[in-house]
Amino acid sequence: QVQLVESGGGLVQAGGSLRLSCAASGSIFSMYVMGWYRQAPGKQRELVAHITSGGTTTYADFVKGRFTISRDNAKNTVYLQMNSLKPEDTAIYYCHADWTTGWGRKYDYWGQGTQVTVSS
């Protein structure tokens with residue numbers, strides 16, 4: 001069983017920065033694809049970025065050049081560095097872990113989320 005706990009959210013002015021962390025418990029963290037998603041009030045949850053076990057990253061177009069996802073397997077932690085924040089970035093940010101075994105068994109887990117509010 002994997003538990004995910006996000007931290008680092010808060011209130012920041014437009015143009016500012018925040019660094020989110022997601023600490024994972026459990027074994028074989030390095031096997032999981034890790035991702036960050038966000039959900040604004042009344043909106044659907046959307047992918048922000050994800051990083052594979054091998055370190056390959058993918059970003060949504062609306063954050064390219066501003067956000068950076070990274071992972072530290074020794075610490076069982078994934079990060080999201082957010083720069084040049086905009087009011088439209090305001091949302092609850094969720095950490096996600098996804099692993100499919102060699103036998104096709106899928107595991108996925110969600111954190112409880114951390115609030116990011118960007119004021120104009």
Side-chain angles (χ1 to χ4, degrees):
Q1 183 64 240
V2 174
Q3 303 288 332
L4 305 174
V5 180
E6 302 96 334
S7 62
L11 197 158
V12 66
Q13 290 184 324
S17 298
L18 285 173
R19 183 176 183 255
L20 306 184
S21 298
C22 173
S25 65
S27 61
I28 59 174
F29 171 81
S30 63
M31 299 298 296
Y32 284 82
V33 175
M34 302 298 299
W36 287 97
Y37 293 73
R38 71 186 189 186
Q39 188 167 21
K43 305 296 183 181
Q44 191 164 292
R45 190 172 299 187
E46 61 186 353
L47 173 69
V48 176
H50 71 254
I51 182 168
T52 70
S53 60
T56 301
T57 58
T58 301
Y59 297 94
D61 287 342
F62 55 81
V63 303
K64 284 183 178 178
R66 300 190 297 125
F67 292 8
T68 302
I69 188 171
S70 61
R71 67 192 298 163
D72 186 339
N73 289 338
K75 296 182 178 180
N76 285 6
T77 302
V78 63
Y79 305 95
L80 185 68
Q81 178 66 49
M82 305 187 295
N83 299 324
S84 302
L85 283 162
K86 306 173 181 179
E88 52 262 44
D89 294 320
T90 296
I92 301 174
Y93 284 71
Y94 297 91
C95 183
H96 180 253
D98 188 348
W99 178 44
T100 302
T101 72
W103 300 104
R105 178 73 67 181
K106 187 176 185 294
Y107 300 85
D108 75 305
Y109 306 91
W110 291 94
Q112 293 298 307
T114 185
Q115 177 70 48
V116 171
T117 303
V118 184
S119 62
S120 60

Inset, instruction - Establish, for the pair Arg19 and Tyr79, whether the NZ or CZ atom is under 6.0 angstrom from the six-membered ring centre and no further than 45 degrees off its axis. - result: yes
Inset, instruction - Return yes when atom CD of Gln112 has more than 12 non-hydrogen atoms of other residues, nucleotides or ligands closer than 6.0 Å, and no otherwise. - result: no
Inset, instruction - Decide whether Leu47 and Tyr94 are clustered together by the hydrophobic rule: side chain heavy atoms of Ile, Leu, Val, Met, Phe, Trp, Tyr closer than 4.5 Å, transitively. - result: yes
Legend entry - Test side chain to side chain contact (heavy atoms under 4.5 Å, CB included) applied to Phe67 and Leu85, step by step: CA-CA 9 Å; Phe67 292 8; Leu85 283 162; 3.8 Å; yes
Inset, instruction - Return each pair, listed once, that meets salt bridge (Lys or Arg N to Asp or Glu O under 4.0 Å) where at least one residue sits in residues 108-120; pairs must be two or more places apart or across chains. - result: Lys106-Asp108
Inset, instruction - Please work out which of the three classes, parallel, tilted or perpendicular, describes the rings of Trp99 and Tyr32, given edges at 30° and 60°. - result: tilted
Inset, instruction - With sequence neighbours left out, write down each residue that passes side-chain hydrogen bond (donor to acceptor under 3.5 Å, both in side chains) with Arg66, or none if nothing qualifies. - result: Asp89
Legend entry - Spatial distance of atom OH (Tyr93) from atom CG (Leu80) [nearest 0.5 Å]: 7.5 Å
Legend entry - salt bridge (charged side-chain N to carboxylate O under 4.0 Å, His left out) partners of Lys43, counting only residues at least two apart: none
Inset, instruction - Mind checking the OG-NZ spacing from Ser120 to Lys86? Nearest 0.5 Å is all I need. - result: 14.0 Å
Legend entry - Donor-acceptor pair between Tyr37 and Arg45 side chains, under 3.5 angstrom: no
Inset, instruction - Give the minimum heavy-atom separation between Val48 and Val63, together with the two atoms involved. - result: O-CG2, 3.6 Å
Legend entry - Side-chain heavy-atom pair Val118, Glu88 within 4.5 angstrom cut-off: no
Legend entry - Note, Thr114 side chain near Ile92 side chain (heavy atom, < 4.5 Å): no
Inset, instruction - Indicate yes or no for a side-chain donor-acceptor contact from Thr52 to the backbone of Thr56 under 3.5 Å, with no hydrogens or angles considered. - result: yes
Inset, instruction - Identify the two heavy atoms, one from Cys95 and one from Leu4, that lie closest to each other, and give their separation to 0.1 Å. - result: O-CD1, 3.7 Å
Inset, instruction - Please step through side chain to side chain contact (heavy atoms under 4.5 Å, CB included) for the pair Trp36 and His96, ending with a clear verdict. - result: CA-CA 6 Å; Trp36 287 97; His96 180 253; over 6 Å; no
Inset, instruction - From the options Asp98, Val2, Thr101, select the one residue that forms a side chain to side chain contact (heavy atoms under 4.5 Å, CB included) with Tyr107. - result: Thr101
Inset, instruction - Measure the spacing between OG1 of Thr100 and CE of Met31 and express it to the nearest 0.5 Å. - result: 10.0 Å
Inset, instruction - Without swapping roles, check the side chain of Ser25 against the backbone of Gln3 for a donor-acceptor pair under 3.5 Å. - result: yes
Legend entry - Donor-acceptor under 3.5 Å (Glu6 side chain, Gly113 main chain): yes
Legend entry - Any donor-acceptor pair under 3.5 Å from Thr57 side chain to Ile51 backbone: no
Legend entry - From CG (Leu20) to CZ (Arg38), nearest 0.5 Å: 11.0 Å
Inset, instruction - Take Ser17 and Met82, measure what side chain to side chain contact (heavy atoms under 4.5 Å, CB included) needs, and give me the verdict at the end. - result: CA-CA 5 Å; Ser17 298; Met82 305 187 295; over 6 Å; no
Legend entry - Ile69 vs Val78 side-chain heavy atoms within contact, under 4.5 Å: yes
Inset, instruction - May I ask you to check whether Thr77 and Asp72 show a side-chain donor-acceptor distance below 3.5 Å? - result: no
Legend entry - Evaluation steps, side chain to side chain contact (heavy atoms under 4.5 Å, CB included), between Phe29 and Met34: CA-CA 9 Å; Phe29 171 81; Met34 302 298 299; 3.7 Å; yes
Legend entry - Where Ser30 and Ser53 come nearest, the two heavy atoms and their spacing: O-CB, 2.9 Å
Legend entry - Side-chain donor or acceptor of Tyr59 paired with backbone N/O of His50 under 3.5 Å: no
